[in-house]
Amino acid sequence: MTDAQKAQEDHDLHDPTAYGARIADDYDRLYTDTLDTEGAVALLAELAGAGPVLEWGVGTGRLAVPLAQRGLAVHGLDSSPDMLDRLHTKPGGERVRTSQGDFECAHVDGGPFALAVLAFNTVFALPSQDAQVRCFQNTARHLAPGGRFVVEAWVPQPERFDAKGEAVLLRHLSEDHVSLDVARIDPVTQRMQTTQVSLSDGQVRLHPANHRYAWPAELDLMARLAGMALEHRWADWRKAPFTEASAGHVSVYRLSGPAVGR
Ligand SMILES: C[S@@+](CC[C@H](N)C(=O)[O-])C[C@H]1O[C@@H](n2cnc3c(N)ncnc32)[C@H](O)[C@@H]1O
């Protein structure tokens, strides 16, 4: 199969606008307070220096808006017009330059960037290893020499799934809101199909998301293929040490020389 045919197959398996179409109107309620947004913004601002910053999969601007409010030039790209609409109507949203496209291959003006960000597991939204490799290469093309790429992702934990590869995982529990991930993995393709079930106040919402997951070491190799090297890996945005028990990671890659894979 040629590279062009493989790329076409990846896209046939994956509609990058689907996630946003289902979740945009609920996204900020679900995630602004349940994720460590404050810690993420503080660390990204520290790593960005004087900027500019590029966020792939900017979504509703949960990170991009406060970063721009700190005075950084921020460009956000997203495939979903619904998520970008949310960002544009938010106070401070006008400070973020945006464009619609696919971070696997899109070109964004305003670089070279000091920092690129791919937060909240969004690297796994790309449907295959090849697509993820292309994303790292595309990121390298947008970075200044010495520029950084921050990837936040979960660490695969196959032991949380039963013998059929299925699991129900509790994401959030409070008196008026319960959120569950109902998931199935395929260990051969490293794909996970999930639907997040959100129950609150007589309302049930279903938010599907499909991931092609990867262990941190595989992401490190993708970075190396793109001319980047791992500079830091923490367990969270507050720089907690990454250990064998960590469920997620914040990894910082640094571009050493000119971008590879131009
Ligand atoms: C989980 S949300 C994260 C949003 C934001 N970065 C945050 O941390 O709150 C993932 C976002 O990535 C976007 N996305 C998914 N695949 C994409 C792709 N291939 N190209 C561009 N955006 C994509 C989705 O539309 C969605 O807005």
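None of these values were measured; they are calculated from a predicted model. Atoms within each ligand, like the ligands themselves, are counted from 1 in listed order.
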(request) Go through the steps for Leu87 and Val96 under the test side-chain contact (heavy atoms from CB on, under 4.5 Å), then give the verdict. (result) CA-CA 9 Å; Leu87 186 159; Val96 180; 4.2 Å; yes
How close does the nearest protein non-hydrogen atom get to [atom], and which residue and atom is it?
{"atom": "atom 27 (O) of ligand 1", "answer": "Asp78 OD2, 2.7 Å"}
{"atom": "atom 19 (N) of ligand 1", "answer": "Asp102 OD1, 2.8 Å"}
{"atom": "atom 18 (C) of ligand 1", "answer": "Phe103 CE2, 3.5 Å"}
{"atom": "atom 5 (C) of ligand 1", "answer": "Gly57 O, 3.3 Å"}
{"atom": "atom 10 (C) of ligand 1", "answer": "Thr122 OG1, 3.3 Å"}
{"atom": "atom 8 (O) of ligand 1", "answer": "Arg62 NH2, 2.9 Å"}
{"atom": "atom 1 (C) of ligand 1", "answer": "Tyr19 OH, 3.4 Å"}

Whether the side chain of [X] engages the backbone of [Y] through a donor-acceptor N/O pair (distance < 3.5 Å, no angle test) should be reported.
{"X": "Asp78", "Y": "Val58", "result": "yes"}
{"X": "Asn121", "Y": "Trp154", "result": "yes"}
{"X": "His142", "Y": "Val108", "result": "yes"}

(message) Under 4.0 Å between a side-chain nitrogen and a carboxylate oxygen: does that hold for Glu46 and Lys239?
(response) yes
Would you call [X] a ligand 1 contact, heavy-atom distance under 4.0 Å?
{"X": "Tyr27", "result": "yes"}
{"X": "Glu152", "result": "no"}
{"X": "Gly101", "result": "yes"}

(message) Apply salt bridge (charged side-chain N to carboxylate O under 4.0 Å, His left out) to residues Arg86 and Asp28 and explain how you reach the verdict.
(response) CA-CA 9 Å; Arg86 287 275 150 180; Asp28 287 326; over 6 Å; no
(message) I'd like the name of whichever of Pro81, Ala106, Ser79 reaches closest to atom 22 (N) of ligand 1 through any heavy atom.
(response) Ser79
(request) Any chance you could lay out the side chain to side chain donor-acceptor pair (under 3.5 Å) test for Trp56 and Thr139, step after step, and finish with the verdict? (result) CA-CA 9 Å; Trp56 296 135; Thr139 304; 2.9 Å; yes
(message) Side chain or backbone, does Ala125 bring an N or O within less than 3.5 Å of an N or O on ligand 1?
(response) no
(request) Look only at interatomic distance and state if Glu55 has a nitrogen or oxygen under 3.5 Å from any nitrogen or oxygen of ligand 1. (result) yes
(message) Is it the case that the ring center of Trp215 lies less than 6.0 angstrom away from the ring center of His249?
(response) no
For [X], the ligand 1 atoms whose distance to one of its heavy atoms is below 4.0 Å:
{"X": "Ser80", "value": "25 (O)"}
{"X": "Gly59", "value": "4 (C), 27 (O)"}
{"X": "Leu126", "value": "19 (N)"}
{"X": "Met83", "value": "27 (O)"}
{"X": "Phe120", "value": "1 (C), 8 (O)"}

(message) Evaluate Gln129 against Arg212 for side-chain contact (heavy atoms from CB on, under 4.5 Å), listing each step before the verdict.
(response) CA-CA 8 Å; Gln129 185 188 60; Arg212 190 274 165 187; 3.8 Å; yes
(request) Apply salt bridge (charged side-chain N to carboxylate O under 4.0 Å, His left out) to Arg160 and Asp181, showing your working. (result) CA-CA 12 Å; Arg160 297 182 76 179; Asp181 283 337; over 6 Å; no
(request) Using a 4.0 Å heavy-atom cut-off, say whether Thr17 meets ligand 1 through its side chain, its backbone, both or neither. (result) neither
(message) Check the orientation of Phe149 and Tyr253. Use parallel for under 30°, tilted for 30 to 60°, and perpendicular for over 60°.
(response) tilted
(message) On a heavy-atom basis, which atom in Leu63 and which in Ala40 lie closest, and how many Å separate them?
(response) CD2-CB, 3.7 Å
